[in-house]
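Notes follow the structure.
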Amino acid sequence: MQGICNPIIVLDFGAQYGKLIARRVRELRAYSVIAPYNASAKQLREMSPAGIIMSGGPASVHQEGSPKPDPQVFNLGVPVLGICYGTQLFAHILRGKVSRAERREYGIARFEHDQNTDLLKGLGSPTQVWMSHGDHIEELPEGFTAIGRTENCPYAAIANAKRNLYGVQFHPEVVHTPEGMKIFQNFVHGICGCDESWDMESFSEKSVAEIREQVGNRKVLCALSGGVDSSVTAALIHRAVGDQLTCVFVNNGLLRKGEPEMVRHVFRDNFHINLVYVDAEKRFLDALADIADPEQKRKTIGSLFIDVFEEEAHNLGHLDFLAQGTLYPDVIESVSATGGPSVTIKSHHNVGGLPEKMNMQLLEPLRELFKDEVRALGRELGLPEEIVTRHPFPGPGLGVRCVGKITRERLDTLREADAIFIEEIRKAALYDDIWQALACLLPVKSVGVQGDERSYEEVCSLRAVTSTDAMTADWYRFPPELLQRVSNRICNEVAHINRVLYDITSKPPGTIEWE
Ligand code: XMP
């Protein structure tokens, strides 16, 4: 098995920065791990890092209680790169001097540098960089020299090449520093000596070996939804332990057109995975009858899912592990602007609380991966593109898109409209440009004329957004011809809809789902 290079550890001094830097390192096919800023030198040494990157962050080194690393990180004998706040920490801890800048430098700056340095070789000079800092370094610590500068910042890049300590005041990880990747490349491949061994083939081999070791001859249960994360989790575990894995797929009646058939076809017929298909449509629809309130819908769907899943698991006898498709951004320890570490863990609503209740251990083989890596791993495992590139779909499914009361008939109407919308987007080859596209059925009736007849039917609202993390989103600008085609088809082909709207609300203030 090809080994994966020792990690680059990103010490995170501010939410979001660390994640982006870790992504950049992975784009260079090196392995990166995010650690909280206050990880001790001993903990870091145990991770055998190839190098350390100290991220930027919103704090000032002078602020009381601002996040500081263990000072021994500089004595681990591994290269360290500081970014923005991370660089000011060099000066602060190694006895240089950091002061408040007269003018806060924010935005694009022209950066010039000594062109023959290990960190900056291959970059143009001048080149554009993105600055965002209030403090600046006034005196360099002993052994450091300036290797690059901007108009307002004489120490925009610094180095103590003998000790392999480097720092930049700007942000190489953002797109506004167009040559930033070259800096990471010089640091990661050149200075730290990482090779390009982080790819999904090596990850899959490493992960399969780890799962085999952890599971032994015991049994694993996985709740399969047909979404990317649970599908890749199931395929990976199946590769590792084959028939010791059983997947449970619950049809809650709130799925999209063709979804139950697709999941059964892919996992049972192609992968030959033990798949328990549970038709719980009637139970869910009975439980949801008369509920129109969004939160009550979500709670009803969530708790019934747990009941159904638990019953099925019970029927299967004792299972030792519950597999879950938790991703890296969900587990990363981050720091808040006030300097206190805060753990952001998204609870997957579908199986929340289950492992303890059922006395099972959690198996989370994707917890080191970012979403695009999960997709790449899915391809490596042979999952079809239809699953690998799928738009996200919420656990409560069409329940939160069938606005108002949920009935089987309204769900069928919505399923048809949604399928037409997605089909036209795929035909126009726009599916992969869009984060998520969906149709909603609104409990509003309007008058129309269909054929020569007056109609009085419900309204379908279409929504498509671009986003990188679903925290913010913008509505997608379709060519008008596509919207026209979708509208015509829905009104002509789907009974009970006579009007189509396109939702042009960004997030915030809107959310992606309607409910
Ligand atoms: P909102 O509507 O909050 O959604 O802008 C953000 C993203 O999360 C998805 N979503 C969910 N995913 N369970 C999930 O697994 C849920 O209960 C849930 N609710 C919303 C939504 O589709 C979007 O991608």
Side-chain angles (χ1 to χ4, degrees), residues 222-234 248-256 259 263 284 287-288 291 293-309 322-331 344-354 364 366-367 369-372 374-375 387-403 406 414-415 418 421-422 425 431-442 461-476 503-515:
C222 178
L224 192 63
S225 73
V228 188
D229 304 343
S230 69
S231 297
V232 175
T233 302
V248 172
F249 174 66
V250 177
N251 180 353
N252 57 9
L254 305 167
L255 304 173
R256 287 162 291 186
E259 207 156 29
V263 170
F284 275 85
L288 288 165
I291 301 181
D293 175 71
E295 271 313 294
Q296 218 185 328
K297 273 186 189 175
R298 281 176 171 272
K299 286 199 182 114
T300 307
I301 297 167
S303 72
L304 185 53
F305 179 88
I306 302 240
D307 291 349
V308 172
F309 188 75
L322 182 69
Q324 216 175 294
T326 314
L327 306 194
Y328 200 34
D330 304 333
V331 294
T344 342
I345 298 177
K346 187 169 68 181
S347 57
H348 281 220
H349 85 287
N350 282 349
V351 287
L354 262 187
E364 298 177 304
L366 310 183
R367 55 183 291 129
L369 302 185
F370 290 98
K371 189 82 176 186
D372 57 336
V374 174
R375 294 192 204 278
I387 287 188
V388 166
T389 57
R390 240 162 185 226
H391 290 170
F393 187 61
L398 297 182
V400 290
R401 297 179 182 175
C402 191
V403 181
I406 297 172
L414 176 55
R415 262 189 277 271
D418 183 73
F421 187 33
I422 299 297
I425 290 173
Y431 188 81
D432 294 340
D433 295 347
I434 294 170
W435 168 270
Q436 211 167 346
L438 54 112
C440 284
L441 188 64
L442 308 187
S461 175
L462 305 174
R463 182 148 174 73
V465 294
T466 52
S467 177
T468 49
D469 53 11
M471 301 290 287
T472 60
D474 193 13
W475 57 280
Y476 186 74
D503 184 343
I504 54 166
T505 321
S506 58
K507 173 181 179 176
T511 51
I512 295 176
E513 304 293 344
W514 269 58
E515 293 189 331

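First listed ligand is number 1; within each ligand, the first listed atom is number 1. Counting begins at 1 with the first residue of the sequence.
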Any donor-acceptor N/O pair, K507 side chain to A470 backbone, under 3.5 Å: yes
Short side-chain to backbone donor-acceptor contact, R367 and Q324, under 3.5 Å: no
Heavy-atom proximity to atom 11 (C) of ligand 1, best of P508, A470, G399, P394: P394
Option whose closest heavy atom lies nearest to atom 2 (O) of ligand 1, chosen from R298, E513, R401: E513
Numbering as shown, the atoms of ligand 1 that approach K507 to under 4.0 Å (heavy-atom distance): 1 (P), 3 (O), 5 (O), 6 (C)
T511 neighbourhood, listing ligand 1 atoms whose heavy-atom distance to it stays under 4.0 Å: 1 (P), 2 (O), 5 (O)
Pairwise distance CD1(I425) to OH(Y431) - rounded to 0.5 angstrom: 8.5 Å
Short N or O distance, P392 and ligand 1, threshold 3.5 Å exclusive: no
Salt bridge (charged side-chain N to carboxylate O under 4.0 Å, His left out) between E259 and R390, worked out: CA-CA 12 Å; E259 207 156 29; R390 240 162 185 226; 2.8 Å; yes
Polar side-chain atom of S467 near backbone of T472 as donor-acceptor pair, under 3.5 Å: yes
Close-contact set for ligand 1 against P396 heavy atoms, below 4.0 Å: 13 (N), 16 (C), 17 (O)
Exam field: side chain R415 to backbone L255, donor-acceptor pair closer than 3.5 Å: yes
Distance filter under 4.0 Å to Q436 heavy atoms, resulting ligand 1 atoms: 21 (C), 22 (O), 23 (C), 24 (O)
